[in-house]
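Side chains included, hydrogens not; waters and symmetry mates left out as well; all remaining heavy atoms used. Just so we're clear, the structure is a prediction, and the values are computed from it rather than from any experiment. FYI, the numbering just counts along the sequence from 1.
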Amino acid sequence: MLSQFSKVSVIGLGYIGLPTAAVIASRGVEVVGVDVSEHAVNTINQGKIHIVEPDLDMLVQAAVTTGKLRASLTPEPAQAFMIAVPTPFKENKAPDLSYIRAALENIAPVIEKGNLIVLESTSPVGTTEQIAEWLRELRPDLKVPLDQSDVADVFIAHCPERVLPGRVLQELVSNDRIIGGITERCADKATSLYQLFVRGECLRTNARTAEMAKLTENAFRDVNIAFANELSLICDKLKINVWDLIKLSNRHPRVNILSPGPGVGGHCIAVDPWFIVDSAPELAKLIRSAREINDAKPHYVIDKVKEAADQFKRPIIACLGLAFKADIDDLRESPALDIAEHLINDNVGEILLVEPNIQSLPKRLSQHNDKLTTLPKALERANVLVVLVDHRQFKALHVNDVATKVVIDTRGIFG
């Protein structure tokens with residue numbers, strides 16, 4: 001296997017691509033990571049990281065020091081290319097495949113016969129086959145595995161990432177992986193790559209099933225979160241503590257209700273179900289409803305904050321947490337960030353932002369960096385606290401620490 005893949009290229013060095021590149025490099029394989037960000041490339045080549053993920057800094061430093069990992073702005077030949085770029089949606093919720101297309105255009109000139117291309121990005125059904133179609137346009141000299149699978153020059157497969165932020169390095173290795181090839185030979189080739197570093201089982205299937213499997217996993221979670229979020233609205237109306245209710249209900253041996261929150265964020269659960277809806281809009285009724293419930297929850301929280309602010313002549317509102325989940329710096333599709341932005345734009349009061357995992361706000365709020373503060377300062381000044389993320393620093397608070405505040409707790413930290 002090592003001789004078959006002596007050099008691997010990872011396209012996109014973000015929250016999935018960089019850990020994947022570092023893990024493969026730790027197995028003694030030469031890895032070249034490619035990214036459009038000069039800052040990311042320079043940072044990695046110094047043996048440092050530009051994202052937050054436990055233990056990733058040590059792994060990257062070791063891989064760069066041993067010469068097994070380096071980053072580049074320009075693709076170069078390799079035996080395998082792993083595409084790990086964003087797949088957001090457009091304003092109409094339709095999938096945006098432009099990043100995948102751009103990545104393929106970037107590597108197309110250096111692809112050679114016998115190479116493997118793996119799409120890791122979560123994608124709508126049919127995207128892996130679309131890559132083969134695009135490659136046929138870009139490199140008409142290469143036979144792609146669509147209608148001439150037995151004589152194809154390249155192998156193309158889909159292996160969706162399925163890791164949890166904060167546990168990426170462990171789960172990249174321990175989790176089972178679904179590997180979908182356009183053909184069986186493609187699946188076999190991709191499996192031999194993942195077996196270099198995955199201890200979990202590599203489950204072979206076709207590309208379309210692999211694509212749908214990842215979307216299904218995230219839509220399942222989204223539907224269950226929507227149930228919890230809708231339950232929290234009902235309990236609020238009926239003056240019932242939803243956290244107590246869920247604890248009691250979950251004592252049933254076949255009930256496992258998830259925790260409600262201010263919405264659903266991240267690059268997966270908040271996005272992927274829309275890919276299913278886009279593929280079968282007339283059939284995906286429950287999946288669409290769940291998305292709409294979860295997308296509406298931030299607006300409900302904003303209204304609650306406004307009600308609380310009306311109690312004060314000079315409301316000072318501290319938003320605790322901006323990331324999309326606890327103990328990470330990832331702000332993608334974060335409902336907490338959206339809530340904070342709306343409160344600022346609506347002039348609800350003086351807004352203080354507490355996010356211990358970042359040094360500055362994202363570009364869309366960079367003009368408000370002065371609002372970013374520490375937890376002690378926020379507790380000292382604010383009269384309204386809005387718990388949006390259950391970071392460990394916030395969970396360490398005692399109810400006495402907030403006794404004089406109006407608290408809107410979307411995470412159940414204070415029960």
Side-chain angles (χ1 to χ4, degrees), residues 2-14 16-18 20-22 24-25 29-45 63-64 67-88 95-123 126-159 161 180-183 185-187 189-190 192-194 196 207:
L2 286 172
S3 59
Q4 185 179 4
F5 298 107
S6 59
K7 185 177 179 181
V8 173
S9 180
V10 177
I11 315 302
L13 296 174
I16 300 302
L18 181 55
T20 301
I24 295 174
V29 179
E30 180 186 356
V31 180
V32 178
V34 180
D35 201 277
V36 296
S37 167
E38 188 172 352
H39 168 70
V41 168
N42 291 339
T43 301
I44 294 163
N45 284 334
V64 171
K68 291 300 181 181
L69 173 64
R70 55 190 171 84
S72 174
L73 293 167
T74 308
E76 53 190 74
Q79 280 82 49
F81 296 86
M82 305 173 76
I83 298 174
V85 297
T87 47
D96 180 359
L97 302 183
S98 61
Y99 293 91
I100 296 176
R101 169 81 192 206
L104 187 68
E105 290 176 350
N106 209 13
I107 63 175
V110 298
I111 292 174
E112 300 171 352
K113 288 185 178 181
N115 283 176
L116 167 68
I117 302 168
V118 179
L119 175 65
E120 283 225 350
S121 308
T122 305
S123 308
T127 304
T128 309
E129 293 165 354
Q130 181 66 68
I131 284 178
E133 296 280 8
W134 286 336
L135 185 60
R136 182 155 52 187
E137 296 172 18
L138 296 165
R139 290 290 302 274
D141 57 309
L142 294 175
K143 295 183 177 67
V144 299
L146 282 174
D147 46 12
Q148 301 183 63
S149 59
D150 291 338
V151 291
D153 294 326
V154 294
F155 302 86
I156 304 176
H158 178 56
C159 182
E161 57 84 9
I182 290 182
T183 65
R185 291 180 66 213
C186 292
K189 184 87 167 181
S192 65
L193 171 63
Y194 283 88
L196 290 175

CZ of Phe155 to CG of Leu116: how many Å apart, nearest 0.5 Å?
-> 8.0 Å
Backbone N or O of Val154 within a donor-acceptor pair of the Asn115 side chain at under 3.5 Å?
-> no
How about Ile100 and Ser123: do any of their side-chain heavy atoms sit closer than 4.5 Å?
-> yes
Any donor-acceptor pair under 3.5 Å linking the side chain of Asp96 with the backbone of Pro88?
-> no
Without swapping roles, check the side chain of Glu120 against the backbone of Ala84 for a donor-acceptor pair under 3.5 Å.
-> no
For Ala102, does its backbone N or O pair with a side-chain atom of Asn106 as donor and acceptor, under 3.5 Å?
-> no
For the pair Lys7 (side chain) and Pro77 (backbone), establish whether a donor and an acceptor sit closer than 3.5 Å, ignoring hydrogens and angles.
-> yes
State, yes or no, whether a side-chain contact exists between Phe81 and Val32 at a heavy-atom distance under 4.5 Å.
-> no
Rounded to the nearest 0.5 Å, how far does NZ of Lys189 lie from OG1 of Thr183?
-> 11.5 Å
Within the side chain of Thr87, is there an N or O that forms a donor-acceptor pair under 3.5 Å with the backbone of Ser121?
-> no
Where do Val85 and Ala103 come nearest, in terms of heavy atoms and distance?
-> CG1-CB, 4.2 Å
Heavy-atom count around Tyr194 OH within 6.0 Å, excluding the residue itself: above 12?
-> yes
Go through Arg70 and Glu30 one step at a time and tell me if the side chain to side chain contact (heavy atoms under 4.5 Å, CB included) criterion holds.
-> CA-CA 9 Å; Arg70 55 190 171 84; Glu30 180 186 356; 3.4 Å; yes
Would you please test Thr128 and Ile182 for side chain to side chain contact (heavy atoms under 4.5 Å, CB included) and show each step?
-> CA-CA 7 Å; Thr128 309; Ile182 290 182; 3.9 Å; yes
Can you check whether Ile111 reaches Leu142 side chain to side chain, under 4.5 Å on heavy atoms?
-> yes
